[in-house]
Amino acid sequence: GEDVEQSLFLSVREGDSSVINCTYTDSSSTYLYWYKQEPGAGLQLLTYIFSNMDMKQDQRLTVLLNKKDKHLSLRIADTQTGDSAIYFCAGSGSGYSTLTFGKGTMLLVSP
Amino acid sequence: EAQVTQNPRYLITVTGKKLTVTCSQNMNHEYMSWYRQDPGLGLRQIYYSMNVEVTDKGDVPEGYKVSRKEKRNFPLILESPSPNQTSLYFCASSSRYEAFFGQGTRLTVV
C-alpha cells in the first residue's frame, strides 16, 4: 500500500517562507492533499493537487509535485504565527476514498 | 453548512465497558471513515464505508466495529475497550475530492 513520509518539525520566523516536504511511494496516487491541524481541532483541507499537475497556487500556498521523485511540497509565503500547526500530507493510492497520511510536520512560527 | 459531527468530544472509560462514538454528516456523502491519531504515528484508518450496509476494514481494525444503517450516520463501536485504544479518533465524510473531518473524540481507557 501507500507509504507517506514527512519531516517531523520545522521552525521559521514570522514573514519568512516555510517549505514542508513529503515523499510518497505509490506512483498511482491520483490526488495528493495537504491538511492542517491546529491544537485541539480536527483536520482542515488546505489544498490538493491532481497527479497530472506539477504546481498549484492558492493565495499564500504553493504546492509542487515532482512525480519522477514522488515528492510533494507545500510552500507557505509570508508565514504568520497563525500558521503554527501540524501539517499532514496525504495520498489516495486507490481512489479518493482511501487516504494514507504522513505522520505530520509540526510548523512553529516565532515572532 | 457542511458538517461532520462526532460525539462525545471527550470520554474516559474503564477497560471492558462497551462504548459507541457517534458520527453524523449532512452532506449526503456515500463514503465515510474512521481514523485514529496517535503521537508519532499520524492518522491511521480503522474502518470505512462506501455506502449504506457496505463497510470494510482499514489498516487498524482490531478491537473495533462499525455499522452503516443510514447514509448520514457511521458509529464506531468498541465492544471491550482496552488501554491501547486510548487515542484521538476522527470521523471523516468524503466527496470525490475532499474528506471533511469531525472535531475529534479524545478517548482514554483506564
Side-chain angles (χ1 to χ4, degrees), chain A residues 1-9 20-26 29-53 56 58 61 63 65 72 85-107, chain B residues 1-10 21 23-25 27 29-51 54-61 66 68 71 74 87-106:
Chain A
E2 175 85 273
D3 191 24
V4 178
E5 298 285 339
Q6 299 178 238
S7 52
L8 293 182
F9 185 76
I20 303 171
N21 295 300
C22 170
T23 57
Y24 60 96
T25 57
D26 190 343
S29 290
T30 308
Y31 307 108
L32 292 150
Y33 302 84
W34 284 103
Y35 281 87
K36 176 183 181 182
Q37 184 181 32
E38 297 184 32
L43 279 81
Q44 172 197 356
L45 179 67
L46 286 178
T47 187
Y48 59 86
I49 189 168
F50 299 130
S51 59
N52 62 355
M53 299 168 65
K56 181 179 180 182
D58 183 2
L61 305 179
V63 179
L65 175 59
L72 182 74
I86 300 175
Y87 291 80
F88 290 94
C89 168
S92 61
S94 56
Y96 71 95
S97 54
T98 301
L99 288 176
T100 299
F101 285 86
K103 292 180 172 53
T105 299
M106 179 176 287
L107 173 65
Chain B
E1 183 191 348
Q3 264 190 332
V4 179
T5 304
Q6 290 179 232
N7 278 296
R9 291 288 312 276
Y10 302 91
V21 185
C23 175
S24 178
Q25 52 100 357
M27 295 165 279
H29 289 156
E30 292 179 347
Y31 186 86
M32 297 182 74
S33 55
W34 276 101
Y35 293 84
R36 61 178 288 173
Q37 183 180 10
D38 301 290
L41 296 176
L43 279 88
R44 295 176 291 167
Q45 192 179 54
I46 303 170
Y47 267 94
Y48 63 94
S49 169
M50 300 290 283
N51 212 330
V54 181
T55 63
D56 210 344
K57 296 177 181 178
D59 297 320
V60 288
V66 292
R68 189 89 182 274
K71 202 175 207 182
F74 189 44
S87 187
L88 179 59
Y89 291 87
F90 287 103
C91 176
S93 175
S94 301
S95 67
R96 180 168 177 79
Y97 302 118
E98 182 174 357
F100 296 82
F101 285 82
Q103 289 295 95
T105 295
R106 186 165 292 282

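Residue numbering restarts at 1 for every chain, and letters A, B, ... go by the order of the sequence lines.
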Q.
Quick check on Gln37(A) against chain B: is it the side chain, the backbone, both or neither that has a heavy atom closer than 4.5 Å?
A. side chain
Q. Which residues pass the salt bridge (charged side-chain N to carboxylate O under 4.0 Å, His left out) test with Lys36(A), sequence neighbours left out?
A. Glu38(A)
Q | Between Met32(B), Arg9(B), Gln103(B), Gln6(B), the one whose heavy-atom pairs under 4.5 Å with chain A are most numerous | A | Gln103(B)
Q: Output all residues satisfying salt bridge (charged side-chain N to carboxylate O under 4.0 Å, His left out) with Arg106(B), sequence neighbours left out; order by chain, then residue number.
A: none
Q) What part of Gln37(B) is in contact with chain A, defined as an atom under 4.5 angstrom from a non-hydrogen atom: side chain, backbone, both or neither? A) side chain
**Q.** Neighbour count >12 (heavy atoms, 6.0 Å) for atom CE, Met106(A)
**A.** no
**Q.** Stepwise salt bridge (charged side-chain N to carboxylate O under 4.0 Å, His left out) check, Asp38(B) with Arg36(B)
**A.** CA-CA 7 Å; Asp38(B) 301 290; Arg36(B) 61 178 288 173; 2.8 Å; yes
